[in-house]
Visitor: 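Encoded as structure tokens, here's the structure I'll be asking about.
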Protein chains: 2
Amino acid sequence: MQSVCTVNRTVKYLGKKWMFLIILELYKGDGYTRRFTEVKERLPGITAKVLSARLKELEEEGLVEKHVEAGTVPVRSEYTLTASGLGLVEVIKDIKRWALRWKIENRACGAQDCHDCVL
Amino acid sequence: MQSVCTVNRTVKYLGKKWMFLIILELYKGDGYTRRFTEVKERLPGITAKVLSARLKELEEEGLVEKHVEAGTVPVRSEYTLTASGLGLVEVIKDIKRWALRWKIENRACGAQDCHDCVL
DNA sequence: CAGAATCCCCTCAGATACTG
DNA sequence: CAGTATCTGAGGGGATTCTG
């Protein structure tokens, strides 16, 4: 039963700020793909530093694949959700279903953390 | 679609250290109930301060109910998962299913964060 | 365009000591 | 037993500046 460990880890990095908002942005992209700046523009308030860090974590976890188009100037890098990443989107939907069932009456959003989504 | 906000919040506090391990401990208890010290003993490494803080958050979120037995000396306080909390256990199971599917080959546990569970 | 490097603040969590 | 109070160190994340 040691896989709880992975669950632990998962929840730990998912809990980081912006993380799952980024995942959802990629999810909304054509072919589950978005460019760096594209994500940045769609998540008002996020800094390049944080976005960069989160994408790197997602890449290391195998949830996202990075593709750099060589030879283009300026550089174009694209990030795509992997099958594993898509699987996680389903988990997020589960969370949302739970939240809808139990949390509707909840407090209003703090503007900074709140964005629409396609779930 | 503003409920993403709640999802955001959910993942944020679930991501806190020990949080979901505590939930699982309550889940394992008789009638989904455990006493403070009981949980503490079963989660080696957790401090009273953190356990206390997490339980308070869970209570505020409506995932846990606290019952203090009046008149007993010393005091006995019990924590029980609510229906909402039980619903969240199902979500954790979803996360585990996802993890099993995509993360088995994963790195070994850092002993400190790893505990068995009943999932 | 897509970051990396710095600085700085703030929260989280561990350790320790104390209490009704 | 079931906490609270205080101190501390590590890490997260924002703002700003710089670069291939």
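Every chain is numbered from 1, with letters handed out A, B, ... down the list of sequences.
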Visitor: Has the side chain of A/Ser84 got a donor or acceptor atom that lies under 3.5 Å from a matching backbone atom of B/Trp102?
Guide: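 The answer is no, because no donor-acceptor pair under 3.5 Å joins these two groups.
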
Visitor: Send over the distance from A/Ile46 CD1 to D/dG14 C1', rounded to a whole Å.
Guide: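 It is 11 Å, rounded to the nearest whole Å.
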
Visitor: Could you state the atom-to-atom distance from CZ of B/Arg34 to P of D/dG3 in whole Å?
Guide: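 Value for this atom pair: 16 Å.
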
Visitor: Classify the nucleic acid contact of A/Tyr79 as base, sugar-phosphate or nothing, counting any heavy atom under 4.0 Å across all strands shown.
Guide: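 Sugar-phosphate only.
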
Visitor: How many Å lie between CG on A/Leu51 and C1' on C/dG3, as a whole number?
Guide: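 Nearest whole value for this atom pair: 10 Å.
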
Visitor: In whole Å, what is the span from the OH atom of A/Tyr13 to the P atom of C/dC12?
Guide: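 Distance, rounded to whole Å: 22 Å.
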
Visitor: Please state whether the phosphate of D/dG13, meaning OP1 or OP2, lies under 4.0 angstrom from any side-chain nitrogen or oxygen of A/Thr47.
Guide: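 So the side-chain polar atoms of A/Thr47 never come under 4.0 Å of the phosphate oxygens OP1 or OP2 of D/dG13.
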
Visitor: Taking B/Thr33 for its side chain and B/Gly31 for its backbone only, find out whether a donor-acceptor pair lies under 3.5 Å.
Guide: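 Judged by distance alone, yes, a pair lies under 3.5 Å.
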
Visitor: Between D/dG3, D/dG14, C/dG14, which one does the side chain of B/Lys17 approach most closely?
Guide: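 Output: C/dG14.
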
Visitor: Using whole Å, report how far NZ of A/Lys16 lies from P of D/dG11.
Guide: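 Roughly 11 Å, once rounded to whole Å.
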
Visitor: Which comes earlier along DNA chain D counting from the 5' end, the contact point of B/Leu55 or that of A/Glu57, where each point is its nearest nucleotide?
Guide: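 First, find each residue's nearest nucleotide; the 5'-ward one identifies B/Leu55.
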
Visitor: Given atom CD of B/Glu69 and atom C1' of C/dG20, what is their separation to the nearest angstrom?
Guide: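 B/Glu69 atom CD is separated from C/dG20 atom C1' by 18 Å.
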
Visitor: Where do B/Lys56 and B/Glu59 land on the salt bridge (charged side-chain N to carboxylate O under 4.0 Å, His left out) test, with the steps shown first?
Guide: CA-CA 5 Å; B/Lys56 190 166 295 177; B/Glu59 211 189 334; over 6 Å; no

Visitor: Quick check: on DNA chain C, is the nucleotide nearest A/Ser77 upstream (toward 5') of the one nearest A/Lys49, or the reverse? Name the residue that is more 5'.
Guide: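 Nearer the 5' end of the strand: A/Ser77.
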
Visitor: Which nucleotide in the set C/dG14, C/dG3, D/dG13 lies at the smallest distance from any side-chain heavy atom of B/Trp18?
Guide: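 Of all the options, the side chain of B/Trp18 is nearest to C/dG14.
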
Visitor: Identify the heavy atoms of B/Ile23 and B/Ile92 that sit nearest to each other, and give their distance.
Guide: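 Nearest heavy atoms, B/Ile23 then B/Ile92: CG2-CD1, 4.3 Å.
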
Visitor: Reading DNA chain D from 5' onward, which residue's closest nucleotide shows up sooner: A/Val75 or B/Arg76?
Guide: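 The 5'-side residue here is B/Arg76.
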
Visitor: According to a strict under-4.0 Å criterion, is B/Thr37 in side-chain N/O contact with OP1 or OP2 of D/dA2?
Guide: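 Checking B/Thr37 against D/dA2: at least one side-chain N or O falls below 4.0 Å of OP1 or OP2.
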
Visitor: Check every atom of D/dA2, C/dA2, D/dG13 against the side chain of B/Lys12 and return the nucleotide holding the closest atom.
Guide: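 Nearest to the side chain of B/Lys12 among the choices is D/dG13.
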
Visitor: What nucleotide, of C/dC1, D/dA15, D/dA2, holds the atom closest to the side chain of A/Arg35?
Guide: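 Of C/dC1, D/dA15, D/dA2, C/dC1 is nearest to the side chain of A/Arg35.
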
Visitor: If I take atom CG in residue B/Leu43 and atom P in nucleotide D/dA2, what distance separates them, rounded to the nearest angstrom?
Guide: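 Atom-to-atom, B/Leu43 to D/dA2, this comes out as 15 Å.
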
Visitor: If I take atom NZ in residue B/Lys56 and atom P in nucleotide D/dG3, what distance separates them, rounded to the nearest angstrom?
Guide: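 It works out to 8 Å between those atoms.
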
Visitor: Within this structure, what is the CZ-NZ distance for the pair A/Phe20 and A/Lys96, rounded to the nearest 0.5 Å?
Guide: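 Here the rounded value is 9.5 Å.
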
Visitor: Looking only at the side chain of A/Phe36 (C-beta and beyond, no hydrogens), which of the listed nucleotides C/dC1, C/dC7, C/dA2 gets closest?
Guide: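 Of the candidates, C/dA2 comes closest.
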
Visitor: Which of the following nucleotides, D/dA2, D/dT4, D/dG13, is nearest to the side chain of A/Arg54?
Guide: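 Minimum distance to the A/Arg54 side chain belongs to D/dG13.
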
